[in-house]
Amino acid sequence: MSELSSHARETTLRVARAMYPHDALPDEAYEKVVRQIEVEARGNEAIGATIEQGIAELDDPTPFKDLAGDEQLAALLRVEGGDYFNLVRATAVVELYDNPLVWKALGYEGPSVHLGGYVTRGFDDLDWLPDPPIELDPTVGSHHR
Amino acid sequence: MPRYRYDDEDVVAIVGSGAGGGTLAHELTKAGHKVVLLEAGHHHTPDEFVNDEWRSFKQLAWLDRRTTSGSFRVAKDFPNLPAWICKTVGGTTVHWAGCCPRFMEHEFKTSTYYDGMDGVNALDWPISLADIEPYYERAEAKIGLTGTNGIPQLPANNNYKVFANGAQGVGYKRFHTGRYAVNPVPRDGRPATIQDGFAFQGSKNRSRWSTLYTEIPKAQATGKLDLRPGSHVIRVETDGQGLATGVTYIDADGLEQFQRARIVAVAGNAIETPRLLLNSAGNLFPDGLANSSGQLGRNYMRHLTASVYAIFDKPVHMYRGEPMAGHIEDEAPNDPSRGFVGGYYLQLLSLGVPFMAAFMDPGGWGREFTSAMEGYTNMAGLWLVGEDMPQQTNRVTLNHDELDQFGQPVPNVHFDDHPNDLAMREHAWQAGQALYESVGAVRTIRTPPYPATHNIGTARMSERAQDGVVNAFGQAHDVPNLFVSDASQFTTGAAANPTLTIVALAIRQAEYITDQLRAGSIPSGHAVWDGRDPGGAAPDATELPGQTVGAS
């Protein structure tokens, strides 16, 4: 198998999106998942067959990509644990969240060392709780001698 | 840096350059011994480290093939990754966080305190807390632990503020920002932390102690260390008397080499160490080298491990700052009234988004999963680390059905949780959830054990040869010029993160080796040289370690 069909690409994108739904994320974030699956399928007959069979199952009787949100969820629950499901899930949970676009959407600032870390950029800016002690209370002592 | 000859009869060959091997190399070279330090991984330097969880994982983690079996959940979630350790010069000290509690007195006496538990292969250590205390002091000074040696505590970061307020909320009394191996102020030629939030990816500014840029360069400065990265040891060789003669390894060019050695010390972490000794079976050692007790590879421990993440209605930004700079002792004592023996610590923990997705709920999907990820900014986290029970059936064996890139059988790690482990984990999860609920958590998440960062017990210390693999100094009962220098030698695991104890034992072992060589108490193996070009400079007969040490 050289390339995924456009139907397989489109369906896999919808499946990844239904598995890991973040309404604020553009499809672009999920396209990274499809690209990685495409890389793995390239020259690997077994993975190609898994994708083909998995999509055929999901498309029966109605194409998965035409289902409404709750119907997509029901379809995924029906195939949970199958090879195609596992392939998309395992790939998506890595590829989707390994992406600066998604980090930004979730409020994760990512690499920091080139900016001097967080020592002057808010490592201790939480202000809705009192500042707690940082040293062991000398009146209670440690369990260590 | 010297390059010792392959036929040099005086070198100490150390396998592995992490907390045990790297420290031992420094201590032995400082005492005048010639050391060949063999490290399977590459020599990465801090400027190569990346603030990126998956890229760093591919750069530093030990990813050679491994298999798993048993009922522990890791066998299902991460079947080929039972442990998350490093393959690089500096070993797992490159990616550790830096938590360094000492063991408590009762934790050296599990047979005495945890007696009568079904399925527990308990044994008292052949040493006590008093024996190791002077070495704890030296290890703490070497590492530069916060809260010791006049070094201040780390400041409170955001995640700690939630953690410590929660500790107060549930009535805990003993908490602080940790005995932590990161400079709060410049020390030992290394700068203070910049709170970059990346520990498990290597410390780019070297503020966290690692043998990579402390012990190993200090050993090199003695002129006695021959560091060989990319050198994967596949066998410890022995002679007809059952003494070690050296090690066979695959070098960085893929060539098989034999390095003759006066003493061999193995510090490959508690999966590779027993794997290497099991793979070194021979006529005199049919069940693996130094395994007359049958305990080699057994009693594998990985600590309790579990985590709790909590989501609040206000921002936390837990990823900013030192990821594990927080420590609660209140649950650490042995209090069997809780329904289990042993104890556990609650320690601060944060992960970035990529690893949070991978580890929060392995296999999880759907809105329940993604809504938790959408709470990331408002999330706080902690780790639960406690003593797990030594069981004979939890073990590292050779899997002859799968071979690695050098044609050697891969290690299989078999693990079943003991009922005591399960009871402790349940208690610990509840304690972590209660802590966060006391400061207003709107949702708490129980996270199961990760691939182990603490790997313990597979070549354990024992008073008697029939009960374990090594003696109180890590010297093999069966092979007096063979040593184990990592957490494999721990008789039991205690609740404490293992590195401080590994370092303390390595300092103590170096002292013992020096004394024993000087006294002529460690016999030499007799290698028959095969006639190959031994390479390197000619061995200098005036540098026999026993002589130089005595003269200096």
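Each chain gets a letter, A, B and so on, in the order its sequence line appears, and its residues count up from 1. Note that the structure is predicted; figures quoted are calculated from it, not measured.
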Inset, instruction - Starting from the C-alpha separation in whole Å, work towards a yes-or-no answer on side-chain contact (heavy atoms from CB on, under 4.5 Å) for B:Trp365 and A:Glu80. - result: CA-CA 10 Å; B:Trp365 61 282; A:Glu80 185 176 12; 2.9 Å; yes
Legend entry - chain B contact via A:Asn99 - side chain, backbone, both or neither, heavy atoms under 4.5 Å: neither
Inset, instruction - Would you mind checking which part of B:Gln168 comes under 4.5 Å of any heavy atom in chain A, side chain (CB onward), backbone (N, CA, C, O), both or neither? - result: side chain
Inset, instruction - Mind ranking B:Asp330, B:Asn378, B:Thr193, B:Thr177 by heavy-atom pairs under 4.5 Å with chain A and telling me who comes out on top? - result: B:Thr177
Inset, instruction - Sort out for me which of A:Ala24, A:Gly141, A:Ala90, A:Ala92 touches chain B most, counting heavy-atom pairs under 4.5 Å. - result: A:Gly141
Legend entry - Shortest non-hydrogen contact from B:Arg320 toward A:Asp125: NH1-OD2, 2.9 Å
Legend entry - Region of B:Lys314 in contact with chain A, defined by heavy-atom distances below 4.5 Å: both
Inset, instruction - Spell out, as yes or no, whether a donor-acceptor pair under 3.5 Å connects the side chain of B:Asn158 to the backbone of A:Gly122. - result: yes
Inset, instruction - For the pair B:Phe312 and A:Trp128, name the ring-plane relationship: parallel under 30°, tilted 30 to 60°, perpendicular over 60°. - result: tilted
Inset, instruction - Look at the aromatic rings of B:Phe198 and A:Tyr108 and report parallel, tilted or perpendicular, splitting at 30° and 60°. - result: tilted
Inset, instruction - Against chain A, label B:Pro152 side chain, backbone, both or neither, depending on which of its atoms sit under 4.5 Å from a heavy atom there. - result: neither
Inset, instruction - Evaluate the side-chain contact (heavy atoms from CB on, under 4.5 Å) criterion for residues B:Tyr376 and A:Tyr97: first the C-alpha distance (whole Å), next the side-chain angles of each, then the deciding distance (0.1 Å), finally the verdict. - result: CA-CA 12 Å; B:Tyr376 183 77; A:Tyr97 296 105; over 6 Å; no
Legend entry - Side chains of A:Phe123 and B:Pro155 in contact at under 4.5 Å (non-hydrogen atoms): yes
Legend entry - Pairing of A:Asp137 and B:Arg174 as salt bridge, 4.0 angstrom limit: no
Inset, instruction - Please confirm whether A:Trp103 and B:Tyr319 have ring centers closer than 6.0 angstrom. - result: no
Legend entry - Residue, of B:Thr377, B:Asn159, B:Thr146, B:Thr370, that accumulates the most heavy atom pairs under 4.5 Å with chain A: B:Thr370
Inset, instruction - For the pair B:Asp196 (side chain) and A:Val113 (backbone), establish whether a donor and an acceptor sit closer than 3.5 Å, ignoring hydrogens and angles. - result: no
Legend entry - Side chain, backbone, both or neither of B:Phe175 within contact of chain A (heavy atoms, under 4.5 Å): both
Inset, instruction - Measure the shortest side-chain to side-chain distance between A:Tyr118 and B:His317 over non-hydrogen atoms and say whether it is less than 4.5 angstrom. - result: no
Inset, instruction - For chain B, find which of A:Leu115, A:Asp98, A:Leu96 contributes the most heavy-atom pairs closer than 4.5 angstrom. - result: A:Asp98
Legend entry - Side chain, backbone, both or neither of B:Val439 within contact of chain A (heavy atoms, under 4.5 Å): both
Legend entry - Worked verdict on B:Lys161 versus A:Asp127 for salt bridge (charged side-chain N to carboxylate O under 4.0 Å, His left out): CA-CA 9 Å; B:Lys161 289 185 187 180; A:Asp127 60 4; over 6 Å; no
Inset, instruction - Return yes when atom CZ of B:Arg55 has more than 12 non-hydrogen atoms of other residues, nucleotides or ligands closer than 6.0 Å, and no otherwise. - result: no
Legend entry - Close side-chain approach of B:Glu374 to A:His22, heavy-atom, < 4.5 Å: yes
Legend entry - Options B:Pro362, B:Pro315, B:Ala332, ranked by heavy-atom pairs under 4.5 Å with chain A, top entry: B:Pro315
Inset, instruction - Determine whether B:Arg367 and A:Leu73 make a side-chain contact, defined as any pair of heavy atoms from C-beta on separated by less than 4.5 Å. - result: no
Inset, instruction - Determine the minimum heavy-atom distance between A:His143 and B:Glu329, stating which atoms define it. - result: N-OE1, 2.9 Å
Legend entry - Max heavy-atom pair count under 4.5 Å with chain B, selected residue of A:Met19, A:His114, A:Glu109: A:Glu109
Inset, instruction - Ignoring hydrogens and angles, tell me if any N or O in the side chain of B:Asn165 forms a donor-acceptor pair with the backbone of A:Pro130 under 3.5 Å. - result: yes
Inset, instruction - To the nearest 0.5 angstrom, please state how far the CZ atom of B:Arg179 sits from the OG atom of A:Ser142. - result: 7.0 Å
Inset, instruction - Looking only at non-hydrogen atoms, find the nearest pair between A:Pro21 and B:Gly366 and report the distance. - result: CD-C, 4.0 Å
Inset, instruction - Name the region of B:Phe103, side chain, backbone, both or neither, that has any atom closer than 4.5 Å to a heavy atom of chain A. - result: backbone
Legend entry - Residue pair A:Ile134 / B:His176: nearest heavy atoms and the distance that separates them: O-CB, 3.2 Å
